[in-house]
Amino acid sequence: MMYFSINDLVRENIKKLVPYSSARDEFSGEANIYLDANENSLGSPFGKEGIGFRSAYNRYPDPLQVKIKEKLSFIKKVPVENIFLGNGSDECIDILYRAFCNPGKDNVIICPPTYGMYQVSADINDVEVRKAVLLENFQLDLVHMENLVDDFTKIIWLCSPNNPTANSLYREDIETVLNNFPGIVVIDEAYINFSRHRSFIQELAEYPNLVILQTLSKAWGLAGLRLGMAFADKAIIDIYNKIKPPYNIGQATQDIVIKALDNLDDVNEMIKILVAEREALAAVLSELPQVVKIYPSDTNFLLVKVAAARKMYEYLLTQGIVVRDRSNVQLCQGCLRITVGTPDENKALISSMKRFTA
Ligand SMILES: *Cc1c(COP(=O)(O)O)cnc(C)c1O
């Protein structure tokens, strides 16, 4: 077994940190009269009808979002103590930097082309980013990664299925990283619901250094609410909770998420439709003369290599269709990233692309 100690890894200031203790931390039972948090005792200004699921939002929300976590625990088959909820995955990413990376001293490894926030969050926190570019087949360059690791490497960021390349990383490669790197290994599984490969979430007990990120922004159709999830060993979740702002998930978000989590069948239905649309869209687009290549996708988008990417992008804009131009991204030259839309949106995309001539 590789030696791994969370205590050796976490920053000294975080180890010593005395976290803010909110009114709701100090009293979490039931009472009739709450005069402990300087809220407005009279209510919220929504008129007589109120709004949504409750008529008032004048009280601070549950800091640890226990009701959401209990539902997620059931859905994901992970104990509540292994779940952290953030204001989007962005917050789950940022807190890891603040927990483990000393600014100006420590470094992390990312594997481009990949999700942009790992780099942005590092830059904000003044943490060095070392890049092990993916191989031509969009898989990990394990030799390069090993060469980049030194005593100051705290986090390795993996994204699988990866954005923007759409593929899943080889499971054995991820296991190699988990078994040999004595720092934090993050697997961002934002697109896992669209993948034919299984999540690492049932492997949590085996890897004290593993953090899995998921989100309600993609398959769950709740990007507007901002709810990201981190799953990890309790020692890592405790650090997350120590650092996070006391009330990082608002009451309105909590109310709506609790309702949505009861409708897993709706989500599974949408996933089925989107995956079928993805395959159909890929089949039709691959026949177009304007299309050079469609990469296999385990996500709800397609990475499409076209003959004249920038011109195609601009033409689609004139048709009222926005896709993502990735043609300047390393290993993605000539590529557009296209989200799978509704059946009608996909038809409109196909006919616009057919009409385009460079
Ligand atoms: C979309 C996406 C997310 C989601 O971020 P949120 O802040 O939860 O909306 C996370 N990781 C990757 C790779 C993504 O593409």
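Both ligands and their constituent atoms are indexed starting at 1 by order of listing. Along the sequence shown, residues carry numbers from 1.
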Among all protein heavy atoms, pick the one closest to atom 7 (O) of ligand 1 and tell me residue, atom and distance.
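Result for atom 7 (O) of ligand 1: R226 NH2, 2.5 Å.
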Atom 11 (N) of ligand 1: closest protein heavy atom, distance to 0.1 Å, is D188 OD2, 2.7 Å
Taking the ring centre of each residue, are F200 and F231 less than 6.0 Å apart?
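Ring centroids of F200 and F231 are no less than 6.0 Å from each other.
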Hey, would you say the F301 and Y191 ring centroids sit under 6.0 Å apart?
yes
Identify, by atom number and element, the atoms of ligand 1 in contact range of [X], meaning under 4.0 Å from any of its heavy atoms.
X: Y191; value: 1 (C), 14 (C), 15 (O)
X: S217; value: 6 (P), 8 (O), 9 (O)
X: A190; value: 2 (C), 3 (C), 10 (C), 11 (N), 12 (C), 14 (C)
X: C159; value: 13 (C)
X: K218; value: 1 (C), 2 (C), 3 (C), 4 (C), 14 (C), 15 (O)
X: S89; value: 4 (C), 5 (O), 6 (P), 7 (O), 8 (O), 10 (C)
X: D90; value: 7 (O)
X: G88; value: 7 (O), 8 (O)

Do the charged groups of [X] and [Y] touch, with an N to O distance under 4.0 Å?
X: D106; Y: R11; result: no
X: D298; Y: R196; result: yes
X: E70; Y: K67; result: no

Please confirm whether E91 comes under 4.0 Å of ligand 1, counting heavy atoms of the residue only.
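No.
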Can you confirm whether more than 12 heavy atoms, excluding those of R98, are under 6.0 Å from its CZ atom?
yes
Please indicate whether E136 has more than 12 foreign heavy atoms, meaning atoms of other residues, nucleotides or ligands, lying under 6.0 Å from its CD.
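Atom CD in E136 is not packed in, count stays at 12 or less.
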Spatial distance of atom CD1 (I338) from atom CD (E345) [nearest 0.5 Å]:
12.5 Å
So for ligand 1, is N163 a polar contact partner (N or O within less than 3.5 Å, distance only)?
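Yes, since at least one N or O of N163 sits under 3.5 Å from an N or O of ligand 1.
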